[in-house]
Peer 1: 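Please see the structure below; I have some questions.
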There are 2 protein chains.
Amino acid sequence: MSDLLQRLRDRGWRLTAQRRVVAEVLDGEHVHYTADEVHARATARLPEIARATVYNTLSELVTIGEVIEVSTADRAKRYDPNARHRHQHLVCSRCGTIRDVHPVGDPLAALPEGERFGFSISDATVTYRGLCPDCSTDCSTDCSTD
Amino acid sequence: MSDLLQRLRDRGWRLTAQRRVVAEVLDGEHVHYTADEVHARATARLPEIARATVYNTLSELVTIGEVIEVSTADRAKRYDPNARHRHQHLVCSRCGTIRDVHPVGDPLAALPEGERFGFSISDATVTYRGLCPDCSTDCSTDCSTD
DNA sequence: ATCCTACCTTGGACATTGTCTAAGTCAAGA
DNA sequence: TCTTGACTTAGACAATGTCCAAGGTAGGAT
């Protein structure tokens with residue numbers, strides 16, 4: 001992700017302040033922000049950036065494969081800048097925290113030919129769900145929630 | 001799913017016409033309707049049924065484990081009445097068709113202890129994506145899509 | 001059979017997330 | 001520095017889901 005801007009330039013992208021800011025927000029730690037969270041953080045650096053621009057830029061980053069779109073059970077999609085190393089996700093059922101995880105083996109290999117129904121399968125995503133350490137000890141709201 | 005109504009009664013549910021209709025829509029084939037599709041089909045049998053009632057009933061069925069909520073890349077969640085046999089899903093990237101599939105082995109076992117970060121993991125869902133037979137031969141719109 | 005009442009349904013307002021458009025702006029090449 | 005096509009903006013619109021107050025009804029009690 002670090003030289004994302006260079007890679008975008010190489011693709012002939014116009015390097016605008018808005019795109020730079022969105023890329024900076026996603027850069028660094030392994031975050032999984034929603035579009036709105038990206039927008040909030042982008043606004044902190046560039047107050048006049050429009051919501052539509054954030055959506056546009058995120059979609060473009062997804063299209064060119066620099067960012068992965070993650071659909072969890074929540075309504076909003078999340079955007080994962082860790083697109084260069086294959087991984088899966090571990091989601092807390094209570095607080096929604098997401099961690100990147102690396103299961104062993106190829107999940108695609110687990111699907112027998114007879115279960116493919118003529119599809120040409122290109123991808124398998126695995127989502128692990130459970131309670132994160134914080135949520136499994138803190139019963140203040142509801143320990144029975146999953 | 002066939003004696004769902006009986007099981008609901010056993011749980012002390014009030015058996016209303018609306019709930020019966022929603023259950024009937026989900027009964028039978030292995031469908032994966034959105035809430036709106038359920039509502040449309042329910043309306044055909046009980047014209048005055050409200051959208052909120054469909055949402056309420058679906059949520060309740062999910063809560064008690066009679067129906068599974070499936071989040072794909074699409075915006076709308078889908079509802080899968082095949083909750084009594086563990087399975088995963090195969091989704092067409094183009095047309096959105098969903099099939100139930102049965103990979104071998106337990107996906108949970110593929111996640112090493114060192115990759116669990118103290119979570120108590122309860123579930124692993126696998127989503128396979130690709131083109132269904134119809135969509136991989138029919139290039140009328142766009143064969144390059146995925 | 002009738003009544004009661006807690007639970008269910010209704011319609012519509014509202015919330016959230018995402019998409020589209022027309023008009024204005026600007027990055028980068030000439 | 002000029003030009004131009006790509007980018008951004010604000011706000012309307014669309015899709016999906018949630019909430020609430022008012023009225024209706026299933027099913028137990030009498």
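Residue numbers start from 1 in every chain, and the chains themselves are labelled A, B, ... in the order their sequence lines are given, proteins ahead of strands.
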Peer 1: Start at the 5' end of DNA chain C and walk down; is the nucleotide closest to B/Thr16 or to A/Trp13 reached first?
Peer 2: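 The residue whose closest nucleotide sits nearer the 5' end is B/Thr16.
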Peer 1: Between B/Arg78 and A/Ala17, which is nearer to the 5' end of DNA chain D once each is assigned its nearest nucleotide?
Peer 2: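 Its nearest nucleotide being more 5', the pick is A/Ala17.
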Peer 1: I need the CZ-P distance between B/Arg9 and C/dC7, as an integer number of Å.
Peer 2: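 After rounding, the reported distance stands at 19 Å.
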Peer 1: For C/dT19, does OP1 or OP2 lie under 4.0 Å from any side-chain N or O of A/Tyr55?
Peer 2: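 So the side chain of A/Tyr55 is outside the cut-off, no N or O lying under 4.0 Å from OP1 or OP2 of C/dT19.
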Peer 1: Between A/Ile49 (CD1) and D/dT9 (C1'), how many Å, whole number?
Peer 2: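 After rounding, the reported distance stands at 11 Å.
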Peer 1: So, is B/Gln18 close to the D/dG24 phosphate, meaning a side-chain N or O under 4.0 Å from OP1 or OP2?
Peer 2: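 B/Gln18 to D/dG24 OP1/OP2: no side-chain N or O under 4.0 Å.
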Peer 1: Contact class for A/Ala52 vs. all strands (heavy atom < 4.0 Å): base, sugar-phosphate, or nothing?
Peer 2: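 It contacts base atoms.
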Peer 1: B/Arg20 has an atom CZ; how far is it from atom P of C/dT9, in whole Å?
Peer 2: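 Taking atom P of C/dT9 as the reference, CZ of B/Arg20 is at 11 Å.
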Peer 1: When rounded to the nearest 0.5 angstrom, what distance separates CZ in B/Arg86 from OG1 in B/Thr125?
Peer 2: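 Taking CZ in B/Arg86 and OG1 in B/Thr125, the distance rounds to 8.5 Å.
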Peer 1: Give a yes or no on whether the backbone of A/Ala52 and the side-chain of A/His39 come within a donor-acceptor separation of less than 3.5 Å.
Peer 2: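 Such a contact is absent between A/His39 side chain and A/Ala52 backbone.
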Peer 1: Please report, rounded to the nearest Å, how far the C1' atom of C/dG18 is from the CG atom of B/Asp74.
Peer 2: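 My rounded result for the distance is 13 Å.
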Peer 1: Will you find, in the side chains of A/Asp10 and A/Gln6, an N or O donor that is under 3.5 Å from an N or O acceptor?
Peer 2: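 Yes, side-chain donor-acceptor contact under 3.5 Å.
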Peer 1: Is there a donor and acceptor pair, one atom on the side chain of A/Arg14 and one on the base of C/dA28, closer than 3.5 Å?
Peer 2: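 No such pair is found, so the answer is no.
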Peer 1: Could you check whether the side chain of A/Arg75 and the base of D/dT16 have a donor-acceptor pair of N or O atoms closer than 3.5 Å, going by distance alone?
Peer 2: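 Yes, a donor-acceptor pair under 3.5 Å.
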Peer 1: Roughly, in whole Å, what's the span from CG in A/Leu15 to P in D/dG5?
Peer 2: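 After rounding, the gap between these two atoms is 21 Å.
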Peer 1: On the 0 to 90° scale, with breaks at 30° and 60°, tag the B/His32-B/His89 ring pair as parallel, tilted or perpendicular.
Peer 2: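 Plane angle over 60°, so perpendicular.
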Peer 1: Categorize B/Arg19 for me: base, sugar-phosphate, or nothing, with a 4.0 angstrom heavy-atom threshold over every strand shown.
Peer 2: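 The answer is sugar-phosphate, as B/Arg19 gets under 4.0 Å only of primed atoms, P, OP1 or OP2.
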Peer 1: With hydrogens left out and only the distance checked, is there a donor-acceptor pair under 3.5 Å joining A/Arg51's side chain and the base of C/dG18?
Peer 2: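 Present.
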Peer 1: In Å, rounded to the nearest 0.5 Å, how long is the span from CG of A/Asp106 to CG of A/Leu108?
Peer 2: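 Taking CG in A/Asp106 and CG in A/Leu108, the distance rounds to 5.0 Å.
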Peer 1: Between B/Asp36 (CG) and D/dA14 (C1'), how many Å, whole number?
Peer 2: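 Those two atoms, CG and C1', are 12 Å apart.
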Peer 1: Tell me the interatomic distance from A/Asn56, atom CG, to C/dT19, atom C1', rounded to whole angstroms.
Peer 2: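 The distance from CG of A/Asn56 to C1' of C/dT19 comes to 9 Å, rounded to the nearest Å.
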Peer 1: Return the 5'-most residue of the pair B/Ala76, A/Glu48 with respect to DNA chain D, ranking by each residue's nearest nucleotide.
Peer 2: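 Comparing both residues, the 5'-ward one is A/Glu48.
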Peer 1: From CG of A/Leu46 over to P of D/dC7, roughly how many Å is that when rounded to an integer?
Peer 2: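 One finds 17 Å between P of D/dC7 and CG of A/Leu46, rounded.
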